[in-house]
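Letters go in sequence order (proteins before strands), and every chain restarts at 1.
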Number of protein chains: 2
Amino acid sequence: MGTGRMGTGRVEQVAGKTQSAKASRRRKAVGSGRAVAPRPRSGAASSAMDLAQLDDRVGYFLRRLQIAIFKDFIRTLAPVDVRPAQYSVLVLITANPGRSQAVIGKALNIERARLARMLHELERRQWIERRLSSADGRSHCLFMTAVGKEAMVRIEALAGQHERHMVKFIGGDLRQLLLDRLRKFGKS
Amino acid sequence: MGTGRMGTGRVEQVAGKTQSAKASRRRKAVGSGRAVAPRPRSGAASSAMDLAQLDDRVGYFLRRLQIAIFKDFIRTLAPVDVRPAQYSVLVLITANPGRSQAVIGKALNIERARLARMLHELERRQWIERRLSSADGRSHCLFMTAVGKEAMVRIEALAGQHERHMVKFIGGDLRQLLLDRLRKFGKS
DNA sequence: TATTGTTATACTCTATAACTATA
DNA sequence: TATAGTTATAGAGTATAACAATA
C-alpha cells in the first residue's frame, strides 16, 4: 500500500498549473473514446452490504484506521505542510543530531533513495543541514538549522494536537494499549 | 497514504523491460550531474537511536504494523497475484453479487476512478463480469464468473493462511481485540 | 441538474537499478 | 568489493477534473 495522495496538505502549487493541464487534457481527449463491448443487462441487487470474510481480516480494519489517522495528521499539520514521513524524519534528526542518512533511513524504514529526495525538500525549506562526515567522506551528517528548530516548536504543538484527536477518536485506553503492544514492531 | 509498491507480488513482467530501461537510463544519464554545493565537515554521532516524541505517536506504530501486515498479505497471496485492495473487492462482489461499482466503491472507500481501472484488470483476468443494470442504464452490476468463483477458493485459502500468520505475529488476543474495537471504523 | 462509469493528470510512496565517490 | 548518497524508472494508490451517457 503506498500512501498515495491523501488529505488536503500541499494545495498551494496546484493553481498555476490548472490552465495548461486542462488544455492538454482537452487536446488528448480527442479520439480517446474507448471501444466498449456491449454488456448484458441485469437487475441490480439492493439489500444491506455484507462484508463477509473481510469482517475477520485485521489487516482490513487496521488499514482503514491507519488511513483515517494519517488523514487527520495531514489535516492537522496542513498549516506547516508536514506529512507523516517528513515528521518522523524531523523528530529523529532533532533528537539525534549528526546521524547519517543511512542510519536515519534504517531506523524509519525509509529507502535511502526516497530519503535523499525528502531531505532535499527539507533542505530547500532550510529546516535541515547536511554536513560531510569528517570520519567517512561518503556520509552526510544531518542537523536541524536554527530555522528548523524554531519550526519544530509549532510542528510538535500540532502533532500533539493530532495525538489528542486520536484519544477522542479511538479512546485513550485503546491508544495506550496499542502503544504498549506495538512499540516492539516499530523498532529496528 | 497510498500504498506504493511494497512486497514481492507481480514480479513476472519486469524482466522484459530491463534492457530498454537500462539503455534509456544511460542515455539520459549523460550530462545529468547535479551541481552539488560543497558541504562543511562534521563528526558523526554514534550512540543509540532515540525515537523521542515518535515513541508516543500511535499513528507511527500503527503505520509500521500495517505495512508489515500488507507485506505478509502480498507475499502470502503472491501465488494468485492478488493485492489487498483487489481482495477486498473480490470478497464483496462474491458476497454481494449484482451490486454497482458505485456501491462497492463506497463500501470500501475506493475512488470510482480507481475502482474502474481495478475492475478492468479483474475483468481481463476473467474473474468478474460487468452487466449493465436493467433498472439504471448508468450502473454496472458486478458478478463473479465461474472462473472467478473457482479462483476464490484458492484466494480465500491463502487469505486464511495470512490471517493465521497475523495470530502468530501480533498474538491472537490482540488480533481479536483489534477486530472487536476497530470494526466500527471500517464500516460505512 | 445530478449520478455512473471512464479517462487523464498530478502527487505520494515503495522497489529497484545504475552511477559516483569513498572506504 | 562494499557502502553512502544520488538519480531515474516502474508501479500502486489517492485526489481531482472533465466528459459522455443516463436519470
Side-chain angles (χ1 to χ4, degrees), chain A residues 1-11 13-14 17-18 20-30 32-34 36 39 44 63 67 70-71 74 83-86 100-103 105-106 109-121 130 132-133 135-141, chain B residues 1-11 13-14 17-18 20-30 32-34 36 39 44 63 67 70-71 74 83-86 100-103 105-106 109-121 130 132-133 135-141:
Chain A
M1 76 218 79
T3 295
R5 197 53 180 68
M6 184 173 296
T8 13
R10 183 155 308 172
V11 192
Q13 67 215 43
V14 178
K17 296 178 182 174
T18 309
S20 59
K22 258 187 208 166
S24 81
R25 223 174 286 135
R26 276 204 205 94
R27 250 177 280 123
K28 295 203 173 179
V30 175
S32 72
R34 212 177 92 90
V36 177
R39 302 183 193 285
R63 171 71 176 147
I67 288 175
F70 264 32
K71 274 190 177 157
I74 293 167
R83 298 175 60 82
Q86 293 175 317
S100 70
Q101 298 185 194
V103 169
K106 267 169 205 151
N109 244 8
I110 299 175
E111 284 293 318
R112 57 194 180 143
R114 166 101 190 96
L115 186 58
R117 282 173 181 274
M118 195 191 301
L119 291 174
H120 274 138
E121 167 67 12
R130 280 190 263 211
L132 264 176
S133 167
D136 185 336
R138 299 169 299 182
S139 287
H140 286 173
C141 301
Chain B
M1 68 218 82
T3 299
R5 200 50 182 68
M6 183 173 296
T8 12
R10 183 156 308 174
V11 194
Q13 67 216 42
V14 178
K17 299 179 181 174
T18 310
S20 59
K22 257 188 208 166
S24 80
R25 224 174 286 136
R26 276 206 205 90
R27 250 176 281 121
K28 295 204 173 179
V30 176
S32 72
R34 213 176 91 89
V36 177
R39 301 184 195 286
R63 171 72 176 147
I67 288 175
F70 265 33
K71 274 191 176 156
I74 293 167
R83 299 177 58 82
Q86 292 174 317
S100 70
Q101 299 185 193
V103 169
K106 267 168 206 152
N109 244 9
I110 298 175
E111 284 293 319
R112 56 195 182 145
R114 165 100 192 97
L115 187 60
R117 283 174 179 274
M118 194 192 299
L119 291 175
H120 273 138
E121 167 67 12
R130 279 191 264 210
L132 264 176
S133 167
D136 185 336
R138 300 168 298 181
S139 288
H140 286 174
C141 301

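Between the P atom of dG13(D) and the CD atom of E121(B) lies a distance of 11 Å, rounded to the nearest Å. What separates CD1 of I74(A) from C1' of dT12(C) is a distance of 9 Å, to the nearest Å. Put simply, CZ on R63(B) is 12 Å from P on dG13(D), counting in whole angstrom units. dC13(C) atom P lies 9 Å from atom CD1 of I110(A), rounded to whole Å. When rounded to the nearest whole Å, the span between CZ of R112(B) and C1' of dT22(D) equals 13 Å.
As judged by a 4.0 angstrom heavy-atom cut-off over every strand, S133(A) is placed among residues making no nucleic acid contact. Nucleic acid contact class of Q101(A) (heavy atoms, under 4.0 Å, all strands): sugar-phosphate only.
Side-chain proximity of D136(A) to dG13(D), dT6(D), dT22(C): nearest is dT22(C). Comparing dG5(D), dG5(C), dA8(D) by their nearest atom to the side chain of A102(A) picks out dG5(D).
The side-chain heavy atoms of H120(A) and R130(A), taken from C-beta on, include a pair separated by under 4.5 Å. You'll find the side chain of R112(B) stays beyond 4.5 Å of the side chain of Q101(B), heavy atoms only.
The residue among E111(A) and P84(A) whose nearest nucleotide of DNA chain C lies closer to the 5′ end is P84(A). Nearer the 5' end of DNA chain D, as judged by each residue's closest nucleotide, is the contact made by R138(A), out of R138(A) and A116(A).
Residue K106(A) has no polar side-chain atom (N or O) positioned under 4.0 Å from OP1 or OP2 of dT3(D). Residue H140(A) places at least one side-chain N or O closer than 4.0 Å to OP1 or OP2 of dT6(D).
Looking at every heavy atom in both residues, Q86(A) comes nearest to M118(A) through CA-SD, 3.8 Å.
Between the base of dT14(D) and the side chain of R114(B) there is no donor-acceptor pair shorter than 3.5 Å.
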